[in-house]
Amino acid sequence: VDASSGTYAWTIPDDIGINLTANISDTANPSVFDASNNSFSIKGNISLLQPNGNENLTVNSPYTIQWKPIGTYPGTVKLEYQNATGGSWIRIDDNTTAIGVDNLTQNYTWQVPDDICSTVKVRVSTQFGNSIVDVNSTSAANFKIIGNISLIAPNGNETLMAGDIYPVQWESNGTFPVNLSYSINGGGSWTWINSTTSTPGTNTYNWTLPDEKSFGCRLNITDNRSTYITLVKDSSDSNFTIRPNITISSPLGGGRVPANDTNYPIRWNYTGSKTPTVRVEYSLNDGGAWSLINDVAITSNSTLTWDTWPSVPGAPVSIARLRISDVGNVSINTTTGRFNITGNLRVISPNGGNNWLVGTNQTITWFTSTVANVNISYSLNNGSTWTVINSSYPAASSNISWPIANNTVPSNIALIKVMDVDYEYVNDTSNTTFNLLRNLQVNAPQNGNVVIAEEPYTITWTSKGG
């Protein structure tokens, strides 16, 4: 360099350090030289590339922090974040991340913490150990750390019953307050359910289903703070149904209903108030075809007594069903399992408390429907054992004369049973016991006999009953 110029444009080398000096010497006479009176330093630079402001980072999700160093700093980088304007800085890395190569973009995968905030910044710093040469760079503007919601259920196509308790479930990243709401018009408007705290992992809220009848229901969960309400939310993917719940308690599947019975009730329970009228129908062929019984205005717990169950010609029906549906929307319905419509027998007399004499003729009577022949028997010991009166008698006759044998043992716990010959489970017995009484008849004195006082006289009588 020409000594007379007095200047030299020096490209500062990548040699970061402190206590440096510059030395100038005469090339012709090295003993002529001079050095800086005081030391100086060489420092580099560092630029934070991201996050640099206005990003939304999700709790528990990986995010790539990027920076670019200018100059080669020794050792590791220092990564920190600040969760409030002017607040303290919180360490991100574990002090093992190299600061990186000069002028090359560096990456660090940050697992975003559960530290939800709307005024967050990141800072990247060198760790040379001297404030003169150490440099740092901070996000140019605030970014947000936000939670996350993923609704699990109800998420579409479920059918829920008004009045039931349903477990709403969702996955959450982060801890934050949420509002739950539902819509009955596909999300057009929302009705608040409740507020709760969402925590990391699977969350459950037991929802008492409202009194609604809608096929366009959706559920919505959102962070309930104004800063996050549009950022942290999820709704059902598609519509689900909330409808009244109708449950039939009589008849039950597997049960037996006597044909032409005027006292056998149809009973059901109902939740909600959105269905004013239901249609009650029956099927004799497992639901292949339905016959109307009646349209009934219902209350919370309703009972309809069907005056006449259908008569079944030839043989009992084993695949009968009952259906109750919403008149306004027949897809809202419930159907029983298969039940049996059987022949019907009912003892009319003796049905309890009667006094019948041994050795007399008495008439046993019964009601019958869809029964061909009956077995009639009696019991003298409250049903422990039975004696046949007639093993096969036309049921349609509805009565039979019973000559009570003279040797029949009297009883005050007698019963009559009438039973279908072909289907023994179709039978009926006197409601309570009746009396078979010993039959006593005086033979003498009779017919105006005159007996003499103070003289012996033989009284005679006839006794029937073993």
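All values below come from the heavy atoms of this structure, side chains included, with hydrogens, waters and symmetry mates left out.
For Asn220 and Ser235, the side-chain atoms include at least one donor-acceptor pair closer than 3.5 Å. For the 3.5 Å distance criterion, the side chains of Thr363 and Asn399 fail to qualify, holding no donor opposite an acceptor. A side-chain donor from one of Ser331 and Asn329 sits under 3.5 Å from a side-chain acceptor of the other. The closest side-chain donor-acceptor pair between Tyr81 and Asp115 falls under 3.5 angstrom. In summary, the side chains of Thr462 and Gln441 do not present any donor paired with an acceptor at a separation below 3.5 Å, with no hydrogens or angles considered.
At least one side-chain heavy atom of Pro200 sits under 4.5 Å from a side-chain heavy atom of Thr175. A heavy-atom distance below 4.5 Å is found between the side chains of Asp326 and Lys213. Contact of the Asn355 side chain with the Asn435 side chain is registered, since non-hydrogen atoms from C-beta on lie closer than 4.5 Å. Considering only heavy atoms from C-beta on, Arg338 comes within 4.5 Å of Arg321 through its side chain.
Ser198 places no side-chain N or O within donor-acceptor distance of the main-chain N or O of Phe176, the cut-off being under 3.5 Å.
Ring pair Trp386/Tyr378: centre-to-centre distance not below 6.0 Å. A distance of 6.0 Å or more separates the ring centres of Tyr205 and Trp170.
A tilted orientation is assigned to the rings of Tyr182 and Trp207, their planes being inclined by 30° to 60°.
Under the 6.0 Å distance and 45° angle rule, Arg346 does not count as a cation-pi partner of Trp366.
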